[in-house]
Amino acid sequence: MTGGLKIKFAKEQLAVYFIAGSQNVGGDVDKLIHIVEDACKNGITMFQYREKDSSTLTAAEKLQVAIQLKEITAKYNVPYIIDDDIDLMKEINADGIHVGQDDTKIERVIAECQNKIIGLSTHTLDEVRAANNVYSLDYIGIGPIFATQSKLKVKPAIGIDELNRLYQESTHPAVAIGGIKEDNAKAVLTTNVDGVSVISDIIDSSDIKQTINRLKGNA
């Protein structure tokens, strides 16, 4: 268990939750660093560093990138989450950790990361109900809402109606994820979900400020 006070979490931090790792930019770490800074500067509300799938970084390289990203997120006061790596999260003292259903068991995360922001991915009604019983959770992810190519192993898209049903069932704040882009974000937000999580829509954007604004339901 890590000591110290619990890091403050507010559901508003889920509004535009950006996820990225080197595999999302063809292994170009400098490009990743640049995009994350641009996104932090222009209004993302949370960032998750995620090295998985086709990532080729060594543990040492991943640590160095994680440290650089921490400096950027701290500069812009953006909560910094590590995907499924408790040791890395502790080593760089990130703000929190996020795990999926097939990742590190949530029980271990709760036991070792009590003072951190904790998120858990969900895809079904049963998973949402199970998450409701994990009182130390700060938020859940729900999805994928639409088909997406941002991950190698993708579960079937659930659609907006199912998102609404799962969100209404959840006792935790929730962020929608999966295939969400500028042109469908407003439809997703009609469910009153607490925010949207994106990968490619920000990475591929030619105008990150405008993209983030639209993901918030504006413009």
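Numbering starts at 1 and runs along the sequence shown.
Here the side chain of H172 pairs a donor or acceptor atom with the backbone of V134 at under 3.5 angstrom. Checking side-chain atoms of Y80 against main-chain N and O of I72 turns up no donor-acceptor pair under 3.5 Å. At distances below 3.5 Å, at least one donor-acceptor pair connects side-chain atoms of E61 with backbone N or O atoms of T58. Judged by distance alone, the side chain of N42 and the main-chain N or O of D38 form a donor-acceptor pair under 3.5 Å. In this structure, Q101 contributes its side chain and S121 its backbone to a donor-acceptor pair below 3.5 Å. Using a distance-only test at 3.5 Å, with no hydrogens or angles considered, a donor-acceptor pair links the side chain of K216 to the main chain of G43. For Q168 (side chain) and R165 (main-chain N/O), no donor-acceptor pair under 3.5 Å exists by modelled atom type. Of the possible donor and acceptor atoms, one in the side chain of Q23 sits under 3.5 Å from a partner among the backbone N and O of R50. Between the side chain of E51 and the backbone N or O of S22 there is at least one donor-acceptor pair closer than 3.5 Å. The backbone N or O of I81 lies less than 3.5 Å from no partner atom in the side chain of D95, so there is not a single donor-acceptor pair.
Minimum heavy-atom separation, D138 to K116: OD2-O, 3.5 Å. Nearest heavy atoms, L57 versus V29: CD2-CG2, 4.1 Å. For the pair L88 and L63, the tightest heavy-atom approach, listed with the atom from each and the gap, is CD1-CD1, 3.8 Å. Taking all atoms of both residues into account, the shortest heavy-atom contact from F146 to G179 is CD1-O, 3.4 Å. Between I19 and S197, the closest heavy-atom pair is CD1-OG, 3.2 Å. For the pair P79 and I117, the tightest heavy-atom approach, listed with the atom from each and the gap, is CB-CD1, 4.3 Å.
The pair R108-E112 counts as a salt bridge, with a side-chain nitrogen and a carboxylate oxygen less than 4.0 angstrom apart. A salt bridge does not link R214 to D207: none of the charged nitrogens lies less than 4.0 Å from a carboxylate oxygen.
Under a cut-off of 6.0 angstrom, the local environment of NZ in K105 is sparse, with at most 12 non-hydrogen atoms contributed by other residues, nucleotides or ligands. By the 6.0 Å contact criterion, NZ on K11 is open, its count of non-hydrogen atoms from other residues, nucleotides or ligands being 12 or less. Heavy-atom contacts from other residues, nucleotides or ligands closer than 6.0 Å to CG of D183 number more than 12. Within a 6.0 Å radius of CG in D161, other residues, nucleotides and ligands contribute 12 heavy atoms or fewer.
With contacts defined as side-chain heavy-atom distances shorter than 4.5 Å, the pair I92/I82 qualifies. Side-chain contact between I160 and I145 is present, with heavy atoms from C-beta onward closer than 4.5 Å. L125 places a side-chain heavy atom less than 4.5 Å from the side chain of E169. Annotation: side chain of L32 is in contact with side chain of Y49 (closest heavy-atom distance under 4.5 Å).
Under the salt bridge (charged side-chain N to carboxylate O under 4.0 Å, His left out) criterion, no residue pair touches residues 15-32, with sequence neighbours excluded. Counting only residues at least two apart or in different chains, side chain to side chain donor-acceptor pair (under 3.5 Å) contacts with residues 62-74 comprise K62-D85.
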Stepwise side chain to side chain donor-acceptor pair (under 3.5 Å) check, E182 with T211: CA-CA 6 Å; E182 295 174 66; T211 294; 2.9 Å; yes
query: Can you list the steps and then say if F18 with I203 is a side chain to side chain contact (heavy atoms under 4.5 Å, CB included)?
result: CA-CA 9 Å; F18 180 35; I203 286 173; 3.8 Å; yes
field: Pair I202-L215, side chain to side chain contact (heavy atoms under 4.5 Å, CB included): steps then yes or no
entry: CA-CA 10 Å; I202 288 179; L215 288 169; 4.2 Å; yes
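Ring geometry for H98 versus Y17: interplanar angle over 60°, hence perpendicular rather than tilted (30 to 60°).
Within the model, atoms CG of N93 and CD1 of I67 stand 12.0 Å from one another, a figure rounded to the nearest 0.5 Å.
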